[in-house]
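All heavy atoms count here, side chains included; hydrogens, waters and symmetry mates do not. Numbered from 1 within each chain, the chains take letters A, B, ... in sequence-line order.
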Amino acid sequence: MPRTGVFICHCGTNIAGTVDIDKTVEASRNFPGVVHADEYRYLCSEMGQDIITKAIKENDLDRVVVGTCSPRMHENTFRKAAAEAGLNPYLLEVANIREHCSWVHKDMEEATPKAIALLRAAAAKAALNEALEAPRLDVEKRALVIGGGIAGIQAALDIAEAGYEVDIVEKDPSIGGRMAQLEKTFPTLDCSACILTPKMVEAAQHPNINLLTYSEVDEVKGFVGQFDVKIRQKARYVDPVKCTGCGICWEKCPSKAPSEFEMGLSKRKSIYVPFAQAVPMVPVIDRDSCLYFRKGRCQICEKECPPQAIDYEQQDEIIERRYGAIVVATGFDQLDPTIYGEYGYGQHPDILTGLEFERIFNASGPTGGKVVKLSDGKPPKKVVFIQCIGSRDKARGMNYCSKICCMYTAKQAILLKEKVPDAKSYVFYIDVRTGGKGYEEFQRRAAEEHDVAYMRGQVGKIFPEDDHLVVRGIDSLTNRNIEIKADMVVLAAATVARGDAPELGRLVGINSDSYHFFNEAHPKLKPVETHTAGIFIAGACQAPKDIPETVSQASAAAVKAIGLLSKEKLQGEACTAEVIQSDCSGCLNCEAICPYTAITPVEIEERYKDGVLKRTVAEVNPALCQGCGSCAVTCRSGSINLKGFSNDQIMAEVDAICLQR
Amino acid sequence: MSSANVLMPQQATILDITEETPDIKTLRVVGKEGMPFDFMPGQCAMLSVPPVGEAIFSITSSPTCRECLEFSIKDVGNVSGALHGLQPGQQIGIRGPYGNGFPIEKMKGKDILFIGGGIGLAPLRSLIGYCFAHREEFGHIDIVYGARSPADLIRKSEVRESWAAEPDTSVYLTVDAEFPDWNGHVGFVPNYVSELAFKPEGRIALTCGPPIMIKFVLQALDKLQFSPEQVITTLEMRMKCGVGKCGRCNLGSVYVCKDGPVFSLDELNALPSEY
Amino acid sequence: MAERNVESVNKVREAVSQDLLGGRIDLLLGWEKGHYWWQSRPLFARSEADLEKLAWDSFCAVNLSRYLLEELKDHDKVGVLVKGCDARAFNRLLQDNMVRREQVILYGLPCPGMLDYNRLVEKAGGAPLEITEENGRVIIKVGSGEQEAQRDDLLLDKCKDCRYPDPAVYDQLLFSPQGEKEVTERFKTVEELEEMSAEERFGYWEKELSRCLRCYACRQACPFCSCRECFVEQENPRWQGRAYQPSENFMFHLVRAYHGTGRCIDCGECERSCPVDIPLQELNRKLIKDINELYGDYEAGLDPEQEPPLLTYRPDDPAAFSEK
Amino acid sequence: MKKVIAREKLPELWKSLAAKGPLFLPIQEGPVVLFQPWSEGAEANLDAVNTAVSAKDVFLPREETYLQYRCSGNQLELIPVENAEPVIAFGVHPCDLKAVEMLDKVYLDQEPSDELYRQRREKTTVVGLSCREPDPFCFCNEFGINPADAPGADVMAHLKNGLVLLEARTDKGKALLDQAGDLLQDGSDEKFEAAEVKTADFGLNLEGLPENLKERFEDPVWDELYKSCLGCGVCTYVCPTCYCFDVEDFGHEGEGQRFRCWDSCMYGHFTDMAGGHNPRAGRKERVRQRFMHKLQYYPETFNEIACVGCGRCLRSCPVNLDIVQAIKALGGETVEQR
């Protein structure tokens with residue numbers, strides 16, 4: 001029989017308000033094996049922990065049950081308290097009588113017996129708890145940053161500055177990301193490229209940073225401290241060592257394709273760098289439009305290239321490398337507004353999204369920086385901005401606010417006024433949201449100094465008429481119908497997760513919310529951590545963000561990664577699965593189901609009749625196992641036990657609840 | 001008339017528990033009014049720990065001890081594991097005695113050789129105690145007892161001190177391998193028996209221990225020219241009823257729980273070797 | 001049937017004897033006649049004399065693939081006669097890593113469905129003495145004369161809704177295939193059960209399962225039950241008690257059925273083996289139906305390369321955690 | 001005492017008898033006939049030759065609680081449970097009743113006798129029922145059993161021409177017929193004899209088989225015979241002469257019951273020892289145990305083969321590994337058959 005102590009926390013009134021603590025303590029005294037029971041107002045406080053530590057020593061306890069909040073909150077606190085008293089921390093068991101009981105019940109008459117049942121189950125399980133040791137694991141002193149936008153660049157620079165190697169994997173030919181596409185940034189109106197490109201160059205030149213552009217992550221295996229990653233470096237068909245970035249190839253290239261960087265508003269060559277300040281300044285050949293790859297002839301670039309850097313035979317290359325930590329910073333996409341037929345996007349060249357309009361301002365953009373209509377090359381005199389296209393739209397779009405649109409619309413309206421002084425801007429909005437340092441002032445400036453008409457209301461229809469676009473809407477403040485004959489319409493399309501986010505999340509092993517934005521481990525206290533140890537998130541892949549927020553989060557993620565890399569050893573998972581090989585039939589369903597590839601087949605020998613029989617059974621690599629328990633529930637013969645959650649422990653809990661007197 | 005239900009246990013209480021080895025404990029058990037029942041050395045009893053169940057154990061105390069029954073129990077299964085988890089004062093169920101016991105009449109006047117290994121000393125100890133209590137009825141007594149390691153020897157001080165001090169008695173202890181704190185004999189029990197070269201004349205050999213040890217002890221005794229009638233052993237089988245009905249422990253038409261567990265080698269040779 | 005039967009047995013014998021006597025296989029798993037003409041039991045053939053006993057008739061219901069679990073421990077290479085369901089059973093074992101393909105030679109027997117003795121008795125109105133089969137009809141001889149019936153009406157329950165009478169896997173196909181059969185009533189009973197209220201359904205199963213003797217014939221005959229130690233027998237924890245109580249009956253049958261989710265090949269051996277005729281196949285078919293509805297049509301045992309639905313993750317799987 | 005009742009009146013008789021205590025009858029349960037307690041609305045089937053499971057359930061129930069325990073702190077209270085009550089078993093065929101006699105030898109004659117069994121046995125009034133037409137699976141003649149008469153019955157019943165003839169042979173039997181009162185009519189004029197019934201000749205020669213088998217424990221025949229065995233327990237559970245049992249607790253550390261229930265020597269766990277050793281670890285050993293028990297061990301102790309030819313194993317074994325096959329494989333065949 002164990003000697004179990006039960007400690008029940010009031011959690012102020014969080015628990016005590018709904019659970020009769022005295023009754024619960026009294027009932028606990030009668031559980032099998034319980035020799036001591038006590039309660040305290042805040043068990044997680046230092047005083048509370050002392051009560052546990054003392055009681056363990058005084059009563060010679062060898063098992064501890066705490067009736068408190070969720071183990072996710074304080075299991076570690078109490079385990080440490082137990083360890084301080086010389087008890088193996090895994091001999092402590094948490095009964096969650098707050099989230100699982102007091103918080104979900106109102107009636108004390110009902111909640112009290114339930115709390116007792118939960119405690120009884122925890123005591124029954126604790127009786128079977130075994131002392132466990134967490135393995136100590138090595139840390140590979142190198143980080144991987146997925147995504148080479150401002151978030152990825154900032155995170156990489158911070159990690160590199162701390163003295164650790166970093167690889168940046170960027171799927172496009174150049175780093176820079178969305179920020180590189182922007183003209184100016186709010187609320188200071190700095191030139192985006194002017195503040196970004198120095199960072200890009202710094203990253204490229206940093207001795208600790210290794211840029212892997214035009215590359216994608218193919219596979220992530222392993223675990224915190226030892227992620228084994230396969231990176232596919234796509235064939236550029238240009239030898240980056242020989243290439244000088246002279247530009248002759250793309251000048252001479254005869255074929256064209258829509259430019260991704262310019263949002264398809266202009267064309268680029270089939271051999272190209274995405275933009276003028278690209279890093280690295282090494283072009284790639286786009287196989288889909290290249291004449292040589294399509295038709296087998298041309299080869300002009302090869303002929304023209306002075307250092308003979310063109311290599312049509314180049315193949316995708318797989319780089320396999322181990323990392324201690326991973327920062328995911330894959331950014332965002334803009335919603336395609338064609339789903340809103342009433343706005344006519346895609347049917348008229350002067351109906352643009354915010355990001356497309358951004359390119360119109362840019363000196364290297366499709367119009368060479370002249371703010372003109374794409375339909376006729378004339379400057380727009382009346383521009384209508386429509387907010388919340390797909391954002392805050394429960395019925396057809398996203399529930400959330402895209403956060404940046406109010407501000408960039410104000411910015412674009414200001415820029416428009418600067419470039420086309422006689423232009424007039426109209427903004428249809430639901431609310432104007434300007435949380436952020438200097439944001440409110442900036443927006444005011446737009447409205448008050450730059451002649452921007454803000455109209456609270458919705459647009460019902462946009463259609464071309466003669467040489468302009470008729471925008472019909474309702475001013476919801478005055479309830480009047482409004483009709484504006486505009487030259488240009490800019491749709492603030494919602495910021496959405498990258499299309500490939502679900503796939504990447506699965507690959508890396510992190511989960512996402514219902515919009516496919518990656519989930520942080522805790523919305524307040526662990527904003528850059530994920531539920532997978534060693535993987536951090538930064539930037540707009542987590543939620544819509546502006547640049548200052550993105551950069552701060554990137555640095556935060558970097559700090560977390562640095563903290564991890566700076567450790568000599570990591571404490572591994574103690575609650576890992578183990579196979580009872582004599583019972584294992586070797587069906588290996590567990591191998592198929594394991595998300596951490598921690599299970600492998602192994603051949604064992606068994607005595608059979610007078611000889612030996614070889615057979616295959618499953619084996620768990622405890623270093624890879626994260627204790628998720630998928631294998632244990634898949635195993636039909638119950639031949640896999642999860643340490644700390646073994647089949648008999650779980651059954652003891654069930655029995656303790658079901659067979660209660 | 002449920003008292004006549006042979007499967008019905010009576011209430012008993014654990015007096016105390018001694019930890020013999022890391023996995024063997026000796027429980028002293030007393031019935032409601034003293035001894036639960038009378039028995040002979042070699043007999044067994046069913047102990048129950050609800051809700052885990054019942055299992056059969058040989059009685060290790062001598063019938064001459066009238067205060068309680070003793071059971072030396074190795075933690076190998078559910079019931080034995082549950083018994084290991086109990087505290088003194090705990091009530092359990094008991095029924096018995098079961099089995100035939102050692103053939104004391106046949107042993108009278110003879111020299112007796114006990115050969116035990118590990119937990120196998122449990123049933124022999126009952127008989128050894130009986131022999132000491134009726135010392136004049138038996139000749140010289142030799143006790144060979146061994147275990148894997150010194151820590152696995154049960155009743156160490158009793159074996160070494162009390163038994164060795166009995167008149168006309170020799171005690172031989174051995175362990176399987178060298179151990180730092182062990183300066184006694186090292187070697188397997190069967191080999192030790194061969195080394196000691198006991199003479200078969202006028203002697204009865206009784207052996208109990210792990211199956212593999214028994215197998216080689218029997219070979220050793222055979223080499224020493226012991227005839228099958230002179231060699232006695234006890235068998236272990238899974239049992240549920242103890243009264244020859246539940247169908248588990250039969251060797252042919254013989255039930256180990258009822259007609260055994262003690263068999264002489266010649267009796268055993270006549271039975272199917274299904275044990 | 002007699003002559004046709006002799007002819008087909010000869011064909012089977014011819015096919016296997018070369019391999020067995022030539023040493024290509026060490027053992028042939030086939031059928032021989034049992035005590036009665038309406039019983040064919042497993043034959044473990046090692047010699048020419050053994051092959052003389054070989055039977056292939058309308059009563060070879062016993063699934064032979066399951067014997068591979070034991071026989072492959074003692075033999076390097078075993079030949080097995082497989083009907084449609086037996087071949088799917090073999091694939092099941094293959095998928096569970098219980099057998100190695102190269103250790104087995106499969107002789108495929110397209111199967112017309114096996115006959116049910118009880119149906120013969122029912123149809124004949126008494127103990128039948130003999131039957132003759134011709135063109136899908138069966139003539140049953142009884143003491144008082146003859147009775148004729150459609151063969152399809154005399155099939156074992158397990159054969160009635162058999163969709164794949166031809167072996168899905170074989171090394172040698174001994175007769176021409178029957179072709180995939182259209183089945184219409186496979187899920188009829190399941191649908192009827194689904195129509196019931198939860199209470200009615202519980203009552204139905206409580207009653208049906210109350211007959212269970214816990215003889216475990218269903219489990220022992222089953223090609224998806226290949227655990228070395230069944231949960232039923234495990235001591236720690238003791239999942240399954242022996243009491244004949246509804247809770248224990250449900251525990252055994254439901255857990256067993258769940259263990260077959262996405263794995264049951266619908267061979268019906270469990271139900272055929274049950275001495276008290278518990279409609280076990282309804283439990284299995286309910287799960288087959290659910291799997292089909294949730295994860296798309298899946299026929300266990302048909303293609304060992306196809307990943308079982310419950311061992312595969314696809315982003316469009318229902319009830320994914322990330323869905324709204 | 002001889003009484004008669006019209007067959008169509010039987011439900012009234014059932015009702016009257018069942019009012020006093022459990023009345024076991026062959027009852028149609030869906031597709032099978034089982035020996036079960038009758039209740040209003042249950043469909044008795046006296047025409048079934050044999051129930052799917054034998055009538056031993058009445059005497060040696062598949063589950064029988066005999067002890068209740070209560071535990072609190074150190075205290076353990078052990079309370080005997082008495083559950084034998086007067087029972088009527090109606091429609092037991094001669095083979096099944098003969099099998100009960102065999103159980104009697106184990107549970108009553110062999111010391112120590114089994115009190116649980118004794119109580120049930122003594123409190124059960126058996127109404128034997130003669131067989132009119134044997135099944136092809138029946139072979140009780142091979143064991144000298146007359147399908148037309150069950151010597152151990154308290155009342156012997158015959159179905160004849162729409163009538164049920166009931167003859168009390170013991171005091172218990174008389175009491176039963178008395179209990180039925182007016183529902184029964186005097187039958188002294190009826191001819192109380194069933195027509196002679198012959199079961200099929202299986203060509204068994206059981207003469208000296210038990211003695212011969214004594215030397216055949218290690219015989220190679222076992223290496224072949226067991227092979228088709230699936231290792232299920234059908235044969236033992238449907239068999240009227242199998243009597244192995246298990247003892248188990250149901251409950252938790254606070255309170256619960258202890259019961260005994262049927263068990264089967266065909267299960268690997270039957271003889272599995274706590275330390276892991278199993279003297280009958282393989283199917284071969286277990287098949288040998290079952291047949292040797294029927295054909296050699298039991299006869300050695302009780303002088304008769306523990307089989308009554310009810311044919312249930314022939315009918316129910318999923319792979320047709322039945323006792324007839326075993327007897328023949330072990331040489332118990334007439335010369336002509338061989």
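- A side chain to side chain contact (heavy atoms under 4.5 Å, CB included) with Phe518(A) is found for one member of Asp513(A), Leu504(A), Thr530(A), Asn511(A) and no other, namely Leu504(A).
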TODO: Might you work through the salt bridge (Lys or Arg N to Asp or Glu O under 4.0 Å) test for Glu293(C) and Lys289(C), ending with a clear yes or no?
DONE: CA-CA 6 Å; Glu293(C) 284 167 8; Lys289(C) 185 166 174 279; 3.1 Å; yes
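- Interface residues of residues 589-605 of chain A toward chain C, defined by a heavy-atom distance below 4.5 Å and sorted by number: Asn589(A), Ala592(A), Ile593(A).
- With a threshold of 4.5 angstrom between heavy atoms, Arg263(C) approaches chain A through side-chain atoms but not through N, CA, C or O.
- The choice from Gly586(A), Cys635(A), Gly638(A), Ser639(A) that makes the most heavy-atom pairs within less than 4.5 Å of chain C is Gly586(A).
- Between chain C and the options Lys609(A), Gln649(A), Arg615(A), the largest number of non-hydrogen pairs under 4.5 Å is found for Arg615(A).
- Highest contact tally toward chain A, considering only Glu233(C), Gln95(C), Met98(C), is held by Met98(C) [criterion: heavy-atom pairs under 4.5 Å].
- Taking Phe187(C) as the reference, nothing meets the ring pair (Phe, Tyr, Trp, His ring centres under 6.0 Å) condition, with sequence neighbours excluded.
- Applying the salt bridge (Lys or Arg N to Asp or Glu O under 4.0 Å) rule to Arg92(C) yields the partners Asp96(C); only residues at least two apart in sequence or on another chain are considered.
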TODO: Please report the C-alpha distance between Met398(A) and Leu335(A) in whole Å, then the side-chain angles of each, then the deciding distance to 0.1 Å, and finally whether the side-chain contact (heavy atoms from CB on, under 4.5 Å) criterion is met.
DONE: CA-CA 10 Å; Met398(A) 313 296 164; Leu335(A) 179 85; 4.1 Å; yes
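- At least one donor-acceptor pair closer than 3.5 Å links the side chain of Lys125(A) to the backbone N or O of Gly644(A).
- Only the backbone of Leu310(C) has a heavy atom closer than 4.5 Å to any heavy atom of chain A.
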TODO: Take Arg498(A) and Asp333(A), measure what salt bridge (Lys or Arg N to Asp or Glu O under 4.0 Å) needs, and give me the verdict at the end.
DONE: CA-CA 5 Å; Arg498(A) 290 273 189 195; Asp333(A) 273 339; 3.0 Å; yes
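- Proximity to chain A among residues 202-230 of chain C is limited to Ser226(C), Cys227(C), Arg228(C), Glu229(C), judged by heavy-atom separations below 4.5 angstrom.
- With hydrogens and angles ignored, the 3.5 Å screen pairs no side-chain donor or acceptor of Asn63(C) with any backbone N or O of Asp86(C).
- For Leu613(A), the part sitting under 4.5 Å from any heavy atom of chain C is the side chain, from C-beta outward, and nothing else.
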TODO: Give the intermediate values and the outcome of side-chain contact (heavy atoms from CB on, under 4.5 Å) for residues Val255(C) and Trp239(C).
DONE: CA-CA 10 Å; Val255(C) 172; Trp239(C) 309 100; over 6 Å; no
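- Residues Asp266(C) and Gln281(C) have side chains that bring a donor and an acceptor to within less than 3.5 angstrom of each other.
- Within the 3.5 Å criterion, the main-chain N or O of Ser197(C) finds a donor-acceptor partner in the side chain of Glu200(C).
- Enclosure of atom CZ in Arg72(A) is not indicated, since only 12 or fewer non-hydrogen atoms of other residues, nucleotides or ligands lie within 6.0 angstrom.
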